[in-house]
Number of protein chains: 2
Amino acid sequence: MKTILAELLTIGDEILYGQIVDTNSQWMSVELSNAGIKVIRKTSVGDQENEILVALAEAESRVDIVLITGGLGPTNDDLTKPCLAKYFNCEVKIHEEALAEVTEFFKSRGRELTEINRQQAALPVCCEKVTNVLGTAPGMWFERNGKVFVSMPGVPHEMKRMMTDLVVPKLKKTFNTPAIYHKVIRTVGLGESFLAEKIADWENALPSHIKLAYLPSLGEVKLRLTSIGDATDRLENETNALIEKLKERVGQFIYGYGEDPLEVAIGKTLSEKKLTLAVAESCTGGYLSHLITSVPGSSSYFLGSIIPYDYAIKMRQLGVKPETLEQYGAVSEETIREMANLVRAKFNTDIGVATSGIAGPGGETPEKPVGTVWIAYSDKHHTVTRKLQLSKERILNIKMASVAVLNLIRLSLPK
Amino acid sequence: MKTILAELLTIGDEILYGQIVDTNSQWMSVELSNAGIKVIRKTSVGDQENEILVALAEAESRVDIVLITGGLGPTNDDLTKPCLAKYFNCEVKIHEEALAEVTEFFKSRGRELTEINRQQAALPVCCEKVTNVLGTAPGMWFERNGKVFVSMPGVPHEMKRMMTDLVVPKLKKTFNTPAIYHKVIRTVGLGESFLAEKIADWENALPSHIKLAYLPSLGEVKLRLTSIGDATDRLENETNALIEKLKERVGQFIYGYGEDPLEVAIGKTLSEKKLTLAVAESCTGGYLSHLITSVPGSSSYFLGSIIPYDYAIKMRQLGVKPETLEQYGAVSEETIREMANLVRAKFNTDIGVATSGIAGPGGETPEKPVGTVWIAYSDKHHTVTRKLQLSKERILNIKMASVAVLNLIRLSLPK
């Protein structure tokens, strides 16, 4: 079966000048991918007629489907519509149904239809109108020689609604798209290159219709398997069998599948096991607690934290022994062990975790360079400590140490 | 003077499949614009040799500078390096200096250099190496017929550091770019449209060689003035005179200029005034403390936080009176006032701040819908409280409330 190819074309100076981040195209990619359509290129051009016309011609030469966003506003700097009319060589006329929709849109909001807005109902006569239920600029669907061009507004909620309700269903029908199955395997605790080495033979043995991608982020690596074929259920079974083999090699690093990040996975486990958690975080300065509380419903297992940034607070508020701090320093196994145990006792939780380290750039010593971080986990059965040697960058150290604590919780929880 | 044109080329299936949002290219656009270089196109292609080669040739035909990110990982799906070698028709060899850097990178982290990582030090012999101080994949600088291609890692912090320290300065020198003067005016506490209304006449009177851009972010709006001309010092004087007029209109919302975000500005003020700070944050769950401690050197004024997520912790660890919680609830002016005062007393600091609210999606009541947040500031002179009505989005509420507390500190500090 022929793979249906698509290009996303974004029009607008605000993207090129970096005034906005283009989040539309990421969302569109996922929708198309889920529909079995392969995006092979994304292009952004500015509000310049010649740039737009060149980009349209290039896209037509490469792909079956060109999805265009942006440049549909009512003002003069928006050129998508006149450019499409020129490109398809047809005149622009008021579209009676579109005019009725725009008129109704303004009426329902108690606003008057100005001439500028009336012109939004003018469309190239060679396109089909695509209704925009959330805004005033209709979409446009063009077909030529078996290729499809769709122009949509750049306003995210308008585009998303139009694409979900109208454009994707019509594309699926027009192109009779193949079955695609994606699965993301989420790992933590092993760098990309080490992971790649451990699974090299498995990766090399993948059949040609199944592709693997590595998606590293701070402290984590996601593996994405994408398979193309005739039937989704067959692809799903095949993918799951491959994952079983993957688990034999790196199972202990896999914490989940799909969309849920580590803090959500940990949250689910704590909820299921009815365990509560408290945090004493020094060098991570609140970021670990932020990750935990970014999860809706985290208040059912997370009771609270103390951030004892200062020595005196470590002693007075948390209760770390002055002699421990004096003898071993704040960044030490002895201190981190006390911190995790103390916060668990003080907050009366099942689990206590703690961080203490040199986030940088200041504060290092010859024995404890920037990036030295101690972390600990404590429950009634045991206390587990780890020393990390991270980077020279403060924010990176804060984030990587926080992810390491989440992973330590995952590995240390009572079975 | 000829305008120097650039294209940004992003390589990686993860962008095309929508697994990640491309934030790099927005950041790069701003940096290039600041250097007087105009981005006229952004292109993303997947990990496919022919697609990459075509994109390189197209870019070369259009622009003076092609900046490439991504596809430099150590694994087999990363093709940027072999494609560039093929495009420039030269072989790939171990670069001795790059090898020394990669070896040192691993050594400093106490890790072994694997063969896969060793190969990251292999570079096309026709390029100049661009050092990557934060990672293992070096950048590459190619020149041909007066055009420049630079390949950088896709990992944002590695790319940013490389671009700021090495690539932009070298581009400026190579292309002898025009004088450009930028100034960013940082405001907080007024939404974009309200700000625009207050400064409309000032904005309309700007001379044609000076452009204004609004850069809104969570709770803040940055105004960027960009002027182009022959001499930077003349542009600077002109810009500063305009800012004096701007201050007459919206001076009370301006907290600073340039790169320093609000948490850095607050940190400087606290350092100068030799004041110390403690935080009691409930609904913001650590994010406020994270903002404060993201600033290097924050340990000189920030002593610590308590995150009393649970009712019992609010009472037992912080000391909020049970009758206050019972009578008014945790999200109330009475509770927030106690929290700010208590954390200041317990942590023995000059200033205490506090947050308590309904971040959502759960926990709302008819009187206290999602997005209701109380914040407070306390010092020995006064206690100031504010009620915020934010959004329906959990993460947005957490971040906006944290910024609002920083602004409350700015406005409430002893003069």
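Lettering of chains follows the sequences in order, A, B, ..., and the numbering in each one begins at 1.
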Without hydrogens or angle criteria, can the side chains of S391(A) and N397(A) be said to hold a donor-acceptor pair below 3.5 Å?
->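 S391(A) vs N397(A): donor-acceptor pair found between side chains.
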Answer with yes or no whether the side chains of T293(B) and S298(B) bring together a donor and an acceptor at under 3.5 Å.
-> no
Measure distances from [X] to the heavy atoms of chain A and classify the residue's part below 4.5 Å as side chain, backbone, both or neither.
X: V343(B); answer: neither
X: P296(B); answer: both
X: E58(B); answer: side chain
X: I313(B); answer: side chain
X: Q48(B); answer: side chain
X: A359(B); answer: neither

Would you mind telling me which of [options] has the largest number of heavy-atom pairs within less than 4.5 Å of chain B?
options: S289(A), G362(A), S305(A); answer: S305(A)
options: D310(A), L396(A), I307(A), T10(A); answer: I307(A)
options: H182(A), E197(A), R224(A); answer: R224(A)
options: V30(A), T43(A), I306(A); answer: T43(A)
options: V39(A), L303(A), N348(A); answer: L303(A)
options: E192(A), K222(A), Q389(A); answer: E192(A)

Can you establish whether the number of heavy atoms outside [X] located under 6.0 Å from its atom [atom1] is more than 12?
X: E115(B); atom1: CD; result: yes
X: K198(A); atom1: NZ; result: no
X: K107(B); atom1: NZ; result: no

Given the options [options], which has more heavy-atom pairs under 4.5 Å with chain A than any of the others?
options: K346(B), R62(B), E14(B); result: K346(B)
options: G12(B), C283(B), S44(B), S29(B); result: S44(B)
options: P156(B), S299(B), G285(B); result: G285(B)
options: D47(B), L134(B), D13(B); result: L134(B)
options: H290(B), H157(B), E31(B), E51(B); result: H290(B)
options: V54(B), D78(B), I15(B); result: I15(B)

Chain B heavy atoms under 4.5 Å from [X]: which part of the residue, side chain, backbone, both or neither?
X: L16(A); result: both
X: Y311(A); result: neither
X: V184(A); result: side chain
X: I398(A); result: side chain
X: R316(A); result: side chain
X: E393(A); result: side chain
X: I292(A); result: neither

Looking at side-chain heavy atoms only, is the closest gap between [X] and [Y] below 4.5 Å?
X: F302(B); Y: V279(B); value: yes
X: K38(A); Y: Y17(B); value: yes
X: L32(B); Y: L8(B); value: yes
X: N132(B); Y: R161(B); value: no

So K314(A) and S282(A), side chain to side chain donor-acceptor pair (under 3.5 Å) or not? Walk me through it.
-> CA-CA 9 Å; K314(A) 283 186 180 72; S282(A) 183; 3.2 Å; yes
Atom pair [atom1] ([X]) and [atom2] ([Y]), whose distance is rounded to the nearest 0.5 Å:
X: S217(A); Y: K399(A); atom1: OG; atom2: NZ; value: 11.0 Å
X: Q19(B); Y: S33(A); atom1: CD; atom2: OG; value: 7.5 Å
X: Q120(B); Y: N117(B); atom1: CD; atom2: CG; value: 5.5 Å

The single option from L206(A), I185(A), T226(A) passing side chain to side chain contact (heavy atoms under 4.5 Å, CB included) against L212(A) = L206(A)
Would you kindly check if the NZ (Lys) or CZ (Arg) of R109(B) is within the cone defined by 45 degrees around the ring axis of F105(B) and under 6.0 Å from the six-membered ring centre?
-> yes
Can any side-chain N or O of R394(A) pair as donor or acceptor with the backbone N or O of P361(A) at less than 3.5 Å?
-> no
For G286(B), does its backbone N or O pair with a side-chain atom of E281(B) as donor and acceptor, under 3.5 Å?
->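 Checked: pair present.
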Intermediate values then yes/no, salt bridge (Lys or Arg N to Asp or Glu O under 4.0 Å), K42(A) and E7(A) = CA-CA 6 Å; K42(A) 294 185 184 184; E7(A) 173 159 346; over 6 Å; no
What residues of residues 20-28 of chain A sit under 4.5 Å from chain B when you count only heavy atoms?
->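 So far as heavy atoms go, I20(A), V21(A), D22(A), T23(A), Q26(A) are the residues that approach chain B to under 4.5 Å.
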